[in-house]
Each structure stands twice: as structure tokens, then as C-alpha cells.
Amino acid sequence: MYAQTPGADRSPVILHVPHSSRTLTPAARGSVLLDDTALSRELDHMTDAHTDLIAGRAADAAAVTPWTHRNALSRLVVDPERFPDEREEMRAVGMGAVYTRTSHGERLRSDDPVHERELLAAHFVPYADAFTRLVDARLAATGRAVIIDVHSYPSRALPYELHAAGARPAVCLGTDEHHTPPWLLEAARRAFTDCAELGLNTPFAGCYVPLKHYAHTTEVSALMIEIRRDLYMTEPGGAPTDGLAAVARALTALVDAVTGQAARPTP
Ligand SMILES: [Zn+2]
């Protein structure tokens, strides 16, 4: 299940919020082995809390309203950002598209290929299809699409992280070799520089691009923003702090800068 909030016809920008929800479907809850207390704690660690609020504030404040695509379900149902098959490196720690391990390496679900296929068919595939249609619509309307992934990550590494030894800057920018042009990275650097120290692809790397366009539609640009949670909330799983306003302002500045790129010659 996903929710899309329309933006302006002339906006190429899509704010993508995949990990902000704590909601599980009854079927997904039924396959999770944790009791309610342990599940709540796991959601505290794994949910990118309030990133929907940050994206919403930026969308409202932007000069030209961007489009928003939000996952209305928890990443513990399916994680739309993971490959649903053997390509996914996180499968090694039980965190492919359907998680079987918790952030601390405990059992989250039994290995059940039938249930996994059901979850993928019910949630992963429709999500990816809807996102692809949204990208196609921006391409048709504006000639390009700019995907900005809005995530957050804990200030202290969780045991599941594969690259936990990497630096944990206040804001981590995730790039892709095919889809992150220099002007987009530069725009993000400028927009966030006042609110935070920046890092590139550490401790998380990459950004979300629909497979249909991956590595061949040059008009699709993408960048991931990973905000360290102590900047804007009480960890783990707590309320937003006053820091959220500055983060939302920085994201607004990025959306405005990227939207303004339309008039600019292609580098
Ligand atoms: Zn995330």
C-alpha cells in the first residue's frame, strides 16, 4: 500500500518516502514472531520516523509543489527499496525485500517462500508499478524526473548494518553512477550545508530508480538523502525536536533548486 500526493503539473520532482510508516497488515503481523513489545522496539529502530512529516513540510513550502510517493506500510511488511531476489546484498543478513531477521539479528519471521511470494505480490510489485507510473508521468509532462529519497538513520550503528564502520555524517547523500548528475549533488550540498555536515554514500549508499529506467533513461535523475536521526528527533522512535524545521527547510531549498534546473542547459 502506498500513498501519492499530487504536485504541480510542471514539477519533475518526486519525494520518495519509503520507510516512515509503522503500520503492518494483519497477514504481515501474523508472520512476525515478536510479541507486541519487541515489535514496537524493532519499529523504533527500523522506522525512519517523521520523514513523512519532513517531506510534507518541504512539499508545502516549495515554490513549485513536488509530487510525493509514500509507503503507507512499514518496511517490515516489504522493503520497497530492496531487490526482491538474489541481487540483494542485504539477504545475507535476513533483510532482503521481506525481512526474516531483526535489526539485532534475531528471528523476525520463519523462512517461508510461499508467504514471501504473497507479500511481494500483494505489496512490493504494486508499489514499484505505481512508482514507475509516477516517474513516467513526470517524464511525459516535463521531459525529466528527479527522484529524491527521504530517509533517516540512527546515530549509532545497528547490528544489521553491513557498512557500520563507515562515517555517520549528519546528512548522508546516496548517489548512483548512472542517475546522479553533478548538478544534483551540488544542489544538495548547497541546500544542506547550513544545517549539517555532509557525507557521500556512508554509511548507506545508492538511491532508488525504477528498474524500467535504470541505467538507460538519462532524463531520470535520483539522489538519496539520509538524515541522522539525532538532528531532528529523540532516538529511538521518539518525538520530533526543534531540529526538524531546519531539515525541512534544507529539503525545501533542494526541491526549489532542482525545480529551477529546468531552465538550465544540460551539462
Ligand atoms: Zn530508510
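Predicted model only: the values in this text are computed from it and were never measured. Whatever order the structure lists them in is the order used to number ligands and atoms, beginning at 1.
Hydrophobic clustering of Ile, Leu, Val, Met, Phe, Trp and Tyr side chains at less than 4.5 Å, counting indirect connections, unites Tyr160 with Leu162.
Counting only protein N, O or S atoms, 3 lie closer than 2.8 Å to the Zn ion (ligand 1).
Side-chain N/O atoms of Tyr153 and Arg168 include no donor and acceptor closer than 3.5 Å.
The ring pair (Phe, Tyr, Trp, His ring centres under 6.0 Å) search around His213 returns none, not counting sequence neighbours.
The residues Arg101 and Glu42 are annotated as not salt-bridged, no charged nitrogen and carboxylate oxygen being separated by less than 4.0 angstrom. Under a 4.0 Å N-O distance rule, the pair Glu86/Arg91 qualifies as a salt bridge.
Under the 6.0 Å cut-off for aromatic ring centres, Phe131 and His16 qualify, their centroids lying closer than that.
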